[in-house]
Amino acid sequence: NAGVMQNPRHLVRRRGQEARLRCSPMKGHSHVYWYRQLPEEGLKFMVYLQKENIIDESGMPKERFSAEFPKEGPSILRIQQVVRGDSAAYFCASSPAPPSSNTEAFFGQGTRLTVV
Amino acid sequence: DAKTTQPNSMESNEEEPVHLPCNHSTISGTDYIHWYRQLPSQGPEYVIHGLTSNVNNRMASLAIAEDRKSSTLILHRATLRDAAVYYCILRDLSGNTGKLIFGQGTTLQVKP
């Protein structure tokens with residue numbers, strides 16, 4: 001059973017370009033969480049999605065950032081017109097449904113975005 | 001915001017036990033206590049979780065105070081590969097999301 005798969009592992013973008021980060025949850029998991037970790041900082045929650053629905057996007061920046069989790073295929077975190085401050089590690093986690101206090105979340109290895 | 005308090009850093013010698021403390025004085029009756037760790041350049045990794053009783057698994061033990069306002073993660077024999085940031089988390093079910101709210105964690109250094 002493969003774990004949470006994120007790709008690419010490393011992504012370099014020039015300022016103003018778009019970044020698309022992909023996350024395939026564990027088999028049987030329909031809940032996905034995205035986190036951002038700035039250099040030397042802790043993980044910050046961004047968004048929580050179920051298949052075809054955004055449930056909680058309270059941690060998403062208001063502009064340039066969007067996320068989706070289509071019926072088929074991976075979850076996508078999209079950053080438009082990237083700026084240097086977007087450089088960070090972006091982690092995806094998945095959980096079985098429904099989320100509860102008594103279940104663990106499984107994290108991917110992350111995508112390290114560098115904006116030059 | 002994180003609802004737990006942990007020391008910023010701790011040191012241990014290899015092959016010795018390590019006790020990582022966590023305070024969560026505002027814990028509610030239904031909150032489970034979760035521990036994750038993050039090795040350098042990797043994603044967070046689940047370690048253990050519990051509600052009231054002490055818990056053991058192949059990685060660690062979790063000792064929970066009787067009033068549940070604090071807990072301790074116990075690594076029985078630290079190895080160099082245990083050097084990581086350890087996060088104590090109360091899994092947040094507000095809004096029924098189950099999102100994990102990470103604090104700053106405890107950076108564990110293991111000396112050979």
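Side-chain contact, B:N23 with B:S25: no donor N or O sits under 3.5 Å from an acceptor N or O.
With respect to chain B, the highest number of heavy-atom pairs below 4.5 Å among A:Q6, A:R112, A:E41 belongs to A:R112. Considering only heavy-atom pairs separated by less than 4.5 Å from chain B, the leading option among A:A105, A:G108, A:G59 is A:A105. Counting heavy-atom pairs under 4.5 Å between each of B:G43, B:P44, B:S41 and chain A puts B:P44 at the top.
Aromatic ring orientation, B:H34 versus B:Y36: parallel (interplanar angle below 30°, classes split at 30° and 60°).
In this structure a side-chain-to-backbone donor-acceptor pair under 3.5 Å is present from B:N57 to B:M59.
Here the rule is side-chain hydrogen bond (donor to acceptor under 3.5 Å, both in side chains) with A:E18, and of A:R13, A:R78, A:R64 only A:R78 fits it.
Only the side chain of B:Q38 comes within contact range of chain A, with heavy atoms under 4.5 Å apart. Proximity to chain B (any heavy atom under 4.5 Å) is shown, for A:F106, by neither the backbone nor the side chain. In this structure, chain B has a heavy atom under 4.5 Å from the side chain of A:Q37, while its backbone stays farther away.
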Query raised in the report: Yes or no on salt bridge (Lys or Arg N to Asp or Glu O under 4.0 Å) for B:R37 and B:D82, after CA distance, side-chain angles and deciding distance?
Result: CA-CA 9 Å; B:R37 71 180 186 180; B:D82 290 322; 2.9 Å; yes
